[in-house]
Amino acid sequence: MLIYFWIAFLQFAKVKGIKSSSIRPYLSVVTIEEWPFIMQTRKNGSLHLEGFCVDLLNKILDGESISYSAHFAKENIYGDNSTGLIGDLIAGNSDVVLAPMTITNSRSSFLAFSHPYMDSQLGFVMIKAVQHPAWFGFLKIFDYETWLMLFITLLAFSALFYGLLKFKVSNGEESFLDCVFYAISVISTNGPTFSTKNLSSKILSACMWCFGLIFTTAFTANLTAVMVRNDLVKVPLSIEDILRFPEYSVVITKNDAIYAAFENTTYDPFISLFHKMSQSTEPSFFDSVQEAIDYLRKHPHNILINEVNLLKQHVQNPPCDLVLTRSHYSPEAGGGYGLAVRPEDAKLRDLFSRKILQLKQSGELANLS
């Protein structure tokens, strides 16, 4: 009877989520500084960790009899079996990796990942096109030949009108210069500066007025189109689009899931782009997103490829000179961001996954972001 009661209690504990005694009450957490997920701040003379991942872990452990301490990896990289975050975890120096680490097939072969708490969609960042206004920029609406023909038309109208006024003028003698000003007033739809009873002059003025109306309408329409076009930036929506932009070079971060996706892929556009980056004489691989963005600001002809969640915070912050587009057609770098533990800590992984699902369903995870 006692055995049946103990089995029933264990089943009840499993259903209700009672913490298993096999989960250590104290966890060592390894992390890296990856703004805005993990940030160091100084309060009252001491260093503190802040950011999305810290808030997430606190939510997960809320109500659990588990405490933790955090330390930074020796190399501020995600690393591999012997370096960075992953190396620290594999070596047994920590129990949990707390970082926006992408769940990939290769990492899953030697790490146990929780349920993803955030997606990892590819994004492209480039510098906004800055338009420097010119004093005579409006003249670029039409080409040189069009403005020349307008000037010749104006002189021809003035000459014809001056010739007609020589035969019959209603209000005295008018000079050729007066006729030029008259032509300008007609073509600009302001109306004539003096009137004439000569029927031929009236017909000529009416024709010139119609010409001026058409020309002004065409100029206004083209000016509007140019202003709208200047506000648009040619941005890529996929890796294939980037390959069609030969004027741009591509930069990525190294020692992370993005680099691994390009290096180990069988996707032809990734292969072509990675070969182009490897053969480039300019820097193409950087240690961090911030370092790559700093390079972008000095070399605007580059496009940074990384995960949207790592890029959008940089785009939203001053000086607001970056444009971010999401890749809706390219493969993702992985299966989202997850918390990583060693394979033998499967129960800890299951606890993380269960709490992440609870936070998603309750909406608390969305409030954190």
Side-chain angles (χ1 to χ4, degrees), residues 32-37 75-80 83-84 100-102 104 106 119-132 229-334 337:
I32 61 173
E33 192 163 9
E34 188 76 86
W35 184 88
F37 293 89
E75 305 95 346
N76 195 49
I77 57 175
Y78 294 93
D80 50 30
T83 61
M101 188 161 70
T102 306
T104 64
S106 60
D119 295 331
S120 56
Q121 188 180 23
L122 280 185
F124 311 123
V125 164
M126 56 194 302
I127 299 296
K128 290 181 180 178
V130 179
Q131 300 294 333
H132 300 285
R229 184 186 63 189
N230 288 341
D231 290 337
L232 299 177
V233 181
K234 184 171 65 172
V235 294
L237 298 177
S238 66
I239 297 296
E240 291 86 346
D241 286 346
I242 294 179
L243 292 173
R244 288 192 286 266
F245 293 169
E247 66 270 24
Y248 286 106
S249 299
V250 175
V251 298
I252 61 174
T253 51
K254 54 187 178 182
N255 299 317
D256 59 10
I258 295 295
Y259 186 88
F262 275 95
E263 187 179 31
N264 305 319
T265 187
T266 57
Y267 184 51
D268 289 338
F270 274 19
I271 295 174
S272 300
L273 204 55
F274 188 74
H275 178 75
K276 180 180 178 181
M277 287 186 287
S278 301
Q279 299 298 321
S280 176
T281 57
E282 298 180 358
S284 298
F285 308 107
F286 295 87
D287 292 326
S288 66
V289 173
Q290 185 61 55
E291 183 181 343
I293 288 178
D294 292 340
Y295 180 80
L296 236 66
R297 290 193 168 107
K298 297 178 181 177
H299 304 84
H301 62 281
N302 287 273
I303 296 177
L304 170 62
I305 301 178
N306 211 293
E307 293 166 346
V308 170
N309 296 309
L310 291 176
L311 296 175
K312 62 182 181 181
Q313 298 295 335
H314 293 274
V315 173
Q316 294 170 358
N317 283 349
C320 301
D321 57 345
L322 303 173
V323 178
L324 170 64
T325 57
R326 298 171 182 263
S327 174
H328 299 284
Y329 310 108
S330 302
E332 295 185 359
Y337 299 153

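Computed from a predicted model, the values in this text were never measured in an experiment.
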| said: Does H301, at its NE2 atom, have more than 12 non-hydrogen atoms belonging to other residues, nucleotides or ligands within less than 6.0 Å? | reply: yes
| task | Let me see the working for Y337 and L310 under side-chain contact (heavy atoms from CB on, under 4.5 Å), right down to the final yes or no. | result | CA-CA 11 Å; Y337 299 153; L310 291 176; 3.6 Å; yes
| Any side-chain heavy atom of R297 within less than 4.5 Å of one from P319? | yes
| Which heavy atom in A257 sits nearest to a heavy atom in T104, and how many Å separate them? | CB-CG2, 3.9 Å
| query | If you measure only the distance, is there a donor-acceptor pair under 3.5 Å linking the side chains of T102 and D256? | reply | no
| query | Does T265 reach the side chain of I271, with side-chain heavy atoms less than 4.5 Å apart? | reply | yes
| Heavy-atom closest contact (I252 atom, L304 atom, distance) | CA-CD1, 4.2 Å
| message | I77 vs K254, test: side-chain contact (heavy atoms from CB on, under 4.5 Å). Steps then yes/no. | response | CA-CA 9 Å; I77 57 175; K254 54 187 178 182; over 6 Å; no
| Taking K276 for the side chain and S249 for the main chain, is one N or O donor matched with an acceptor at less than 3.5 Å? | no
| Roughly how far, to the nearest 0.5 Å, is the CG atom of N302 from the CG atom of L296? | 5.5 Å
| said: Testing the basics here: between E307 and I258, what is the closest heavy-atom pair and its distance to 0.1 Å? | reply: CG-CD1, 3.9 Å
| field | Side chain proximity check, W35 to Q290, heavy atoms < 4.5 angstrom | value | no
| query | Is there a side-chain contact between I305 and F262, using heavy atoms and a 4.5 Å cut-off? | reply | yes
| Going through the distances and angles, do T253 and N306 end up as a side-chain contact (heavy atoms from CB on, under 4.5 Å)? | CA-CA 7 Å; T253 51; N306 211 293; 2.9 Å; yes
| message | On a heavy-atom basis, which atom in E240 and which in P269 lie closest, and how many Å separate them? | response | OE2-CG, 3.8 Å
| field | Heavy-atom check, side chain of V251 versus side chain of I303, under 4.5 Å | value | no
| task | Drop me the distance from M277's CE to F270's CZ, to the nearest 0.5 angstrom. | result | 9.0 Å
| field | Q313 and N317 side chains, donor-acceptor separation under 3.5 Å | value | no
| query | Less than 4.5 Å apart, any side-chain heavy atom of D294 and any of F286? | reply | no
| note | Only one of L324, V250, T325 passes side chain to side chain contact (heavy atoms under 4.5 Å, CB included) with F124, and that residue is T325
| With under 30° as parallel and over 60° as perpendicular, where do the rings of F285 and F274 fit, or are they tilted in between? | tilted
| request: Work out which heavy atom in N76 is nearest to a heavy atom in E33; give both atom names and the distance. | output: OD1-N, 3.2 Å
| Spacing of N309 atom CG and Q121 atom CD [to the nearest 0.5 Å] | 8.5 Å
